[in-house]
Number of protein chains: 2
Amino acid sequence: MSASVTSSSIAANGDGALHAAVRELLIAAGVTYTSNRHAIVEVLLSAGPLTLPEILHERKDLAQSSAYRNLSVLVETGVVRRIVHDHDHARFELDEQLTGHHHHHLVCSQCGLVVDVDLPMALEQELDRALERVATRSGFTLDGHDLDIRGKCTRCCAPVRS
Amino acid sequence: MSASVTSSSIAANGDGALHAAVRELLIAAGVTYTSNRHAIVEVLLSAGPLTLPEILHERKDLAQSSAYRNLSVLVETGVVRRIVHDHDHARFELDEQLTGHHHHHLVCSQCGLVVDVDLPMALEQELDRALERVATRSGFTLDGHDLDIRGKCTRCCAPVRS
DNA sequence: CGCAGAATGAGAATCATTCTCAGTAGAGTA
DNA sequence: TACTCTACTGAGAATGATTCTCATTCTGCG
């Protein structure tokens, strides 16, 4: 647990602290914080959940294979979370332990757009209690939850016929 | 809307009513309820969310390509829902409008097992209200929500080390 | 019966993702 | 500084779930 990190300490500080926390996680896992990995974290920091093509678009110097490989390293070390919906590409975002921001996703079922949203804290707590109960009853050990709100985004609802 | 179906009417009856409702949905979409499609619905009726290999295992007479094609027809007509998590195969289950049973999923992050679970109705209602508010605020039209509870199942938690 | 459109199934094609491998860079060390 | 060891890189090949193609078979209907 030497690399454990409190979300509050990071949320309270700037990007420098976040990168330091990322470095800690990677070092603890026995890998280095290379410039490619730094670049990926930087891109994810600046936007919502991104697909691989979107990440490559932001950083044209990244090789596709390296981006995929580094993303899986970052996922394994808990720096990045891979989220997958019913669209062709998976999306990647910084893990909540780093951003210190628990949130959910609005997902456009038409274009695949994903937007971060928050739920009232009281509801979130109530949810946590209920899920803990439900998981235990089924013999599961609880790790967390993902709440995806399905719908259509403004752009896809817009009157675009003909 | 001639093919609209109230979930209560189906939930109250046996499988016959369900198949009739499926037929209605398909006819309304201009396709027929063939024996292959019937077989798929039958398999999904008898178990939780299944992957394609699992469906083929149950019905060895189904061709892989036909199963995929028919599943996509069933998904497009609202008979079946495709659910995708971080594992290799997507899973398929009957749509809630047919089963009349709103539920969520416990997902084992190790083996990919998916189990249906219910939440207290009061919480579900509170959730609906909150999600409606959140979606509207972001300009989304709400279609529904998916709550996935991440964890490890009994089998994967078990002391299997050496 | 006979036609037309839909469905079937075997295999090929697609495409996101992962793997391979030869070359490179970086940390530690003397 | 030069050396070594190891991890990292990137181009391309391989993998594998899913979709497409197409020739054949079925089905409902006049």
Side-chain angles (χ1 to χ4, degrees), chain A residues 22-44 49-77 79-93 111-112 114, chain B residues 22-44 49-77 79-93 111-112 114:
Chain A
V22 172
R23 169 167 279 113
E24 260 189 81
L25 284 170
L26 292 180
I27 299 288
V31 298
T32 52
Y33 196 18
T34 64
S35 65
N36 273 352
R37 290 171 189 162
H38 188 99
I40 290 174
V41 169
E42 200 67 37
V43 172
L44 294 181
L50 296 177
T51 63
L52 189 111
E54 287 166 353
I55 293 171
L56 293 183
H57 183 81
E58 292 303 308
R59 291 299 302 251
K60 303 234 176 27
D61 53 323
L62 288 175
Q64 187 190 52
S65 59
S66 299
Y68 269 117
R69 179 161 16 76
N70 283 323
L71 278 167
S72 73
V73 167
L74 293 171
V75 167
E76 277 162 20
T77 51
V79 173
V80 166
R81 222 162 92 66
R82 182 177 203 266
I83 62 186
V84 33
H85 291 117
D86 212 349
H87 281 265
D88 18 7
H89 290 273
R91 287 176 181 271
F92 299 90
E93 67 178 5
C111 70
V114 174
Chain B
V22 171
R23 169 167 280 112
E24 259 189 84
L25 284 170
L26 291 181
I27 300 288
V31 297
T32 52
Y33 196 18
T34 64
S35 64
N36 273 352
R37 290 172 189 160
H38 193 281
I40 290 174
V41 169
E42 200 66 38
V43 172
L44 293 181
L50 297 176
T51 63
L52 189 112
E54 286 166 355
I55 293 172
L56 294 183
H57 182 80
E58 293 304 309
R59 293 298 302 251
K60 302 235 177 26
D61 53 321
L62 288 175
Q64 187 189 53
S65 58
S66 299
Y68 270 118
R69 179 162 15 76
N70 283 323
L71 278 167
S72 72
V73 167
L74 293 171
V75 167
E76 276 162 19
T77 52
V79 173
V80 167
R81 224 164 90 65
R82 180 177 203 266
I83 61 186
V84 32
H85 292 118
D86 211 348
H87 282 264
D88 18 9
H89 289 272
R91 286 176 181 273
F92 300 90
E93 67 178 5
C111 70
V114 174

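The sequence lines fix the lettering, A, B, ..., with proteins before strands; numbering per chain opens at 1. Computation of the quantities below employed the complete heavy-atom set of this structure, encompassing side-chain atoms and omitting hydrogens, waters and symmetry-equivalent molecules.
Note: CZ (A/R59) to P (D/dT9) measures 12 Å, nearest angstrom. If you measure from atom CG of B/L56 to atom P of D/dG16, you get 17 Å, rounded to the nearest angstrom. The CG-P distance, from A/L62 to C/dT17, rounds to 16 Å in whole Å. Whole-Å rounding puts the A/I27 CD1 to D/dC8 C1' distance at 14 Å. Between the C1' atom of C/dT18 and the CG atom of A/L74 lies a distance of 16 Å, rounded to the nearest Å. Here C/dA7 presents its P atom at 14 Å from OH of B/Y33, a figure rounded to the nearest Å. As a whole-Å value, the separation of A/L26 CG from D/dT6 P is 21 Å. Rounded to an integer number of Å, the gap from CG of B/L71 to C1' of D/dT19 is 13 Å.
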>> The test is side-chain contact (heavy atoms from CB on, under 4.5 Å); show your working for A/L44 and A/L74 and say whether it passes.
In response: CA-CA 12 Å; A/L44 294 181; A/L74 293 171; 5.7 Å; no
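Across A/V79 and A/V41, no two heavy atoms sit closer than the pair CG1-CG2, 4.2 Å. Nearest heavy atoms, A/N36 versus A/S66: ND2-CB, 4.2 Å. When every heavy atom of B/P49 is checked against every heavy atom of B/E93, the shortest pair comes out as CG-OE1, 3.5 Å.
Annotation: side chain to side chain contact (heavy atoms under 4.5 Å, CB included) contacts of A/R23 (sequence neighbours excluded): A/I27, A/Y33. Partners of B/E76 according to the side chain to side chain contact (heavy atoms under 4.5 Å, CB included) rule, which considers only residues two or more places apart in sequence or in another chain, do not exist here. Residues satisfying the ring-ring contact (aromatic ring centres under 6.0 Å, His included) test with B/H89, not counting sequence neighbours, are none.
Between the side chain of B/R59 and the backbone N or O of B/I40 there is no donor-acceptor pair closer than 3.5 Å. In terms of modelled atom types and a separation under 3.5 Å, the side chain of A/R37 and the main chain of A/N70 share no donor-acceptor contact. With hydrogens and angles disregarded, a donor-acceptor distance shorter than 3.5 Å links the side chain of A/R91 to the backbone of A/G112.
In this model, the phosphate group of D/dT19 is not approached by any side-chain N or O of B/Y68 to a distance below 4.0 Å at OP1 or OP2. A close approach under 4.0 Å does occur between a side-chain nitrogen or oxygen of A/N36 and OP1 or OP2 of D/dG10. Listed pair A/N70 / D/dG10 fails the phosphate criterion, with no side-chain N or O lying under 4.0 Å from OP1 or OP2.
Residue order along DNA chain C, read from the 5' end via each residue's closest nucleotide, puts B/D61 first among B/D61 and A/P53.
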Please list, for nucleotides 27-30 of chain D, all pairs of protein and nucleotide N/O atoms separated by less than 3.5 Å.
none

Pairs: protein N or O with nucleotides 10-13 of chain C N or O, under 3.5 Å:
residue	atom	partner	partner atom	Å
C/dA10	N7	B/S65	OG	3.0
C/dA10	N6	B/S65	OG	3.3

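Atom NE2 of A/H38 is surrounded by more than 12 heavy atoms from other residues, nucleotides or ligands within 6.0 Å.
Closest to the side chain of B/V31, out of D/dT19, D/dT9, C/dA7, is C/dA7.
Distance check: A/L56 CG to A/Y68 OH gives 8.0 Å after rounding to the nearest 0.5 Å.
At a non-hydrogen distance threshold of 4.0 Å, A/D88, A/H89, A/A90 from residues 85-93 of chain A come into contact with DNA chain C.
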